[in-house]
2 protein chains.
Amino acid sequence: MEHVFSIGKLAAASGSKVETIRYYEAIGLLPEPERNAGNQRRYSARHYDRLVFILHARDLGLSIDAIRQLIDLSSHPDMPCHDADEIARRQLEDVRQRIARLKLLEAELERTLSDCSHGTIAECKVIETLAQCGACERHQRPPR
Amino acid sequence: MEHVFSIGKLAAASGSKVETIRYYEAIGLLPEPERNAGNQRRYSARHYDRLVFILHARDLGLSIDAIRQLIDLSSHPDMPCHDADEIARRQLEDVRQRIARLKLLEAELERTLSDCSHGTIAECKVIETLAQCGACERHQRPPR
DNA sequence: TATAATTCCTGTAGTCACTAGAGCTTCAAG
DNA sequence: CTTGAAGCTCTAGTGACTACAGGAATTATA
């Protein structure tokens, strides 16, 4: 006899939300569960497993689309692992880039804050710093 | 005599996009520019400055709402700097948390990939890892 | 067992910060 | 003067949810 969950219990057990679960069902990530006599969803352990898989992958920053690919892959257990590997590798690359970028931001915010003389807005280095381009290469020189 | 830009030139000079500029105008972050006889937007250096301010702040991860607050602040130059300071400080805190979180993800993805035996999907550690909760505290124990 | 409180249902709309497209007008180069 | 690029407005789409309205079903309490 399997455990059977209401959507609320499944949300609580998995650490997600009722609305999110219904959303994952609507976009086809979670299979449609059985319904009881009163039309309420009744989930099994299989649903729990699938949901935890999705939540982990989301936590790791994978897009819904990447997760869909992984789920498709796992329904072909004879295929080589290469594609799943590739998805994880791309994600790792992405995460590393995000870290590098955020560290630059951290440094710039630290500088911005340490420069601030705590006077009035007119002298505020926070605003001033944002208004200028120090080492930034995004724009051309101001066109004066 | 001031430089005057078309929206396309402003986009190119600032490193943003035409649509983004119109969007910032629509939500009230950029003041409405003058129009020429043919109803086309004509921007001045003031607009360029404001746009660069916004783009920098967005690059630093500030929300549109935080930027709006900073702009409001800067129109009251006599107020103390404290509020602007606080916005930057909160943002720094946020960036640091994001870095910490991403580093955990990086480690988990590295582990996932190094475990992968490159066999078939059935043995794929990438998928397996996502399906389990190793050290994760998000959910309760599986309810079997 | 009756009622009250909670949970669940569907469907729609809202969020954020843009981005893309349709269908038209205006501008600039040759 | 023609032609093609750039501009205009307005609407809808994106991703990944989140929130609400207005009911129906279930569960807890008296």
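The basis for the numbers below is simple: all heavy atoms, side chains too, and nothing from hydrogens, waters or symmetry mates. Each chain gets a letter, A, B and so on, in the order its sequence line appears, and its residues count up from 1.
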### Query
Counting any heavy atom closer than 4.0 Å, what does A/R22 reach on the DNA or RNA strands: base, sugar-phosphate only, or nothing?
base

### Message
Does C/dC16 have its OP1 or OP2 closer than 4.0 Å to a side-chain nitrogen or oxygen of B/R68?
### Response
no

### Query
Roughly how many Å is it from CD1 in A/I21 to P in D/dC17, rounded to a whole number?
12 Å

### Query
Side-chain contact, heavy-atom cut-off 4.5 Å: B/R41 with B/P33?
yes

#### Entry: Close side-chain approach of A/K103 to B/R96, heavy-atom, < 4.5 Å
no

### Summary
Closest to the side chain of B/Q40, out of C/dC27, D/dA19, C/dT19, is C/dC27

### Query
Could you give the CG-to-C1' distance, from B/L30 to C/dA17, as a whole number of Å?
14 Å

### Query
With respect to the phosphate group of D/dG15, does any side-chain polar atom (N or O) of A/Y23 fall under 4.0 Å of OP1 or OP2?
no

#### Entry: Residue A/I64, side-chain atoms from C-beta onward, closest of C/dC8, D/dA16, C/dT19
D/dA16

### Message
Taking only side-chain N and O atoms of A/R41, does any of them lie within less than 4.0 angstrom of OP1 or OP2 on C/dC9?
### Response
yes

### Task
Please tell me which of the listed nucleotides, D/dG7, D/dC8, C/dC8, lies nearest to the side chain of B/S6?
D/dG7

### Query
For A/N36 and D/dA25, is the shortest distance between a side-chain N/O and OP1 or OP2 below 4.0 Å?
no

### Query
Does the side chain of B/Y43 come within less than 4.5 Å of B/V4's, by heavy atoms?
no

#### Entry: Nucleotide nearest A/E19 (side chain, heavy atoms from C-beta), chosen from C/dA20, D/dT9, D/dT18
D/dT18

### Over 12 foreign heavy atoms within 6.0 Å of CD, A/E34
no

### Query
Reckon A/Y24 has a side-chain N or O less than 4.0 Å from the OP1 or OP2 of D/dC17?
yes

### Task
Could you tell me whether B/R42 contacts a base, only the sugar-phosphate backbone, or nothing, with contacts defined as non-hydrogen atoms closer than 4.0 Å?
nothing

### Query
When you measure from the side chain of A/S63, which nucleotide among C/dC18, D/dA16, D/dA19 comes out closest?
D/dA16

